[in-house]
Amino acid sequence: MELTNRETCYRALQSRDARFDGRIFVGVSSTGVYCRPICPARTPQFRNCKFFGSAAAAQEAGFRPCLRCRPETAPDLACWRGTSNTVSRALALIAEGALDGDGNGVDRLAERLGVGERQLRRLFLQHLGAAPVSVAQTRRVLFAKQLIHETRMPMTEVAMASGFSSLRRFNETFQELYHRPPSVLRRKGAAAVAGKDVTLRLRYRPPYDWTSILSFLRARAIAGVEVIEDERYFRTTEIDGKTGSIEVSHEAEHESLSVRIRVPDVRLLPGIVFRVRRLFDLGADIETIDRHLSADSILAPLVARRPGLRAPGGWDGFEIAVRAVLGQQITVAGARRYAGQLVEKHGCVVPDALRIHPQLTHAFPTAERLANHAIGLAMPGARLRAAKAVAEAALADPNLFRPSGDLDETIARLLKIPGVGEWTAQYIALRANRETDAFPATDAGLLRGAAAVHGEKTSSSALLVRAESWRPWRAYAAQHLWSADGDRAAIGR
Ligand SMILES: [Zn+2]
C-alpha cells in the first residue's frame, strides 16, 4: 500500500531530510530498489517514485533493499505508528519471532492476540500497508542483512539467528531479493571480532540523552545482574533457560547504540535486540514528544535541559514488576538492596565463559522459580507475598507485561494482583508494558521533582490535573520530573 501524499514525500527525499528516516521508504520503479529518504544516491525522478510507510510495504510491492542506504539500519519506529493496540502487540510478538519457524502462522498469532485472522490482516494493511507475513519476512531479511554486513558470523548461523527455517530457504530468499548469494554482501575487511561475541549497531532518532538514561539505570542497577562502568551498560540475560550477557555503549557520531552480545545460541539474538531497543527506548519518536511536552511551561525548561530524554523500558517485564513490588514505600537504594539479595538466592548462575564483565554473575530469577520456592529473605511479609503473587500472575498470564495500548485496561489487569496498588501498577505499566501515558502521580520522587520546578509543594491530585495536557506522553514527563528531582538531590537542596 502506497502513501498518498507523494509531493510531501518527494520533498523529504529531495532534501534528504533525516526527520523522515524510518517513516518513509521510497521504491524506485526504474531500478526496482527501495531506499531510505537519506540515501546518498542521486534523487530519482518523481514519476519513478513510489512511497511506503514501512520497509515491509515496499518489499511487498516487489522492491528490494538498497545496498547503499541499507534500509535495515533505518531507525525502527514501527511500534509507534498507528494507534492500534493489536498492531503494536502483534509487532512486539513478531519481533520476538512469533511468525518464525514451523507451526507459527498468522492464525496462531491472531489467536494469541484474541482477534480473527482476517481482522489482523486488515489492521496490518491499514496501519503498516503490508501483511503480517510480509512484515515478518522483511524483518528476517533485514536482520540477516545486518548480521552479514556487521559481523563475521558464518552464513548457517546468520540463517538460524534471523529465523529462517533452513539454509536453503535463506539462500533462495537472498538470491531472489538481492540477485546474488548472501556471502557476496559481506563487507570487505570488516574487522574480525574476538571470540564469539556478536556486535551490532542499533539506530535511534536523535537527540538521545545517553547520560541521563545511564544515571537512571545506574541508580537502580541490581548487583550481579547489571553493571555500569566507563559510560557503558552491562547486564546478564536469560531467555528460555539460556543465560548470557551484553554490553551496550553509545556511538553518538553514528546516532546508534553499539551492542555486544555473548549468548550460547544465535537464535536468541532477535529477542535480545528487541529487549535492548525496549530498555533504551530506541523506537521513540522523540522530536514529536519533546515538542509536545515543551508546550507546557513547567516542562519546557526541563526538555530544554535534557533534549532527547528517553523513558527506559524494562529488560524484562517480570523483573520490573518484582522490583516495583520490593520497592514499595522504600527508597530506590533500599529496593536495589532487596533485589540484589533475591538474585543472589534465586538467580540462575551465568557460566564464566558467558560473562562479558566479571561482575555479571546471575540472571534475574524466573517467575517459575519464585512461584515454586519459598523466597526466604528478611523483608516485610507483605512485600514477600506480593512478590510471590506477581510470579504466580506472570505464570498464569503470558501477556501480563505485554503492551495492550489501552492504559486503563493494563492498569486494571495489574491491580488484580494481590499487593499491587495504584503506584505499583502505574510504574509497571510505564516500564514493563511500555505504556507511554502511564504516570505514577503519587511517587515521592515525581512530587519532589514537580515541587522543585514549580517552586512550591504539589499534591498528587494537582499534579494529575496538570498532567492532563501531557497526554499521551505522560511517561516522558515523569522521566523529566524524576531527573529534576535527581538534580535537586545532586545540588543538596
Ligand atoms: Zn538507497
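Counting starts at 1 for both ligands and their atoms, in listed order.
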I'd like to know if [X] and [Y] make a salt bridge, using a cut-off of under 4.0 Å between side-chain N and carboxylate O.
{"X": "E172", "Y": "R169", "value": "yes"}
{"X": "D230", "Y": "R232", "value": "no"}
{"X": "D17", "Y": "R19", "value": "yes"}
{"X": "K145", "Y": "E150", "value": "no"}

Quiz item: Listing by chain and number, what protein N/O/S atoms are under 2.8 Å from the Zn ion (ligand 1)?
Solution: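 Listed by chain and number, the nearby protein N, O or S atoms are C35 SG, C39 SG, C66 SG, C69 SG.
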Quiz item: To the nearest 0.5 Å, how far apart are CZ in R201 and OG1 in T73?
Solution: 9.5 Å
Quiz item: Does the ring center of Y34 lie less than 6.0 Å from the ring center of F63?
Solution: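 Between Y34 and F63, the centre distance exceeds or equals 6.0 Å.
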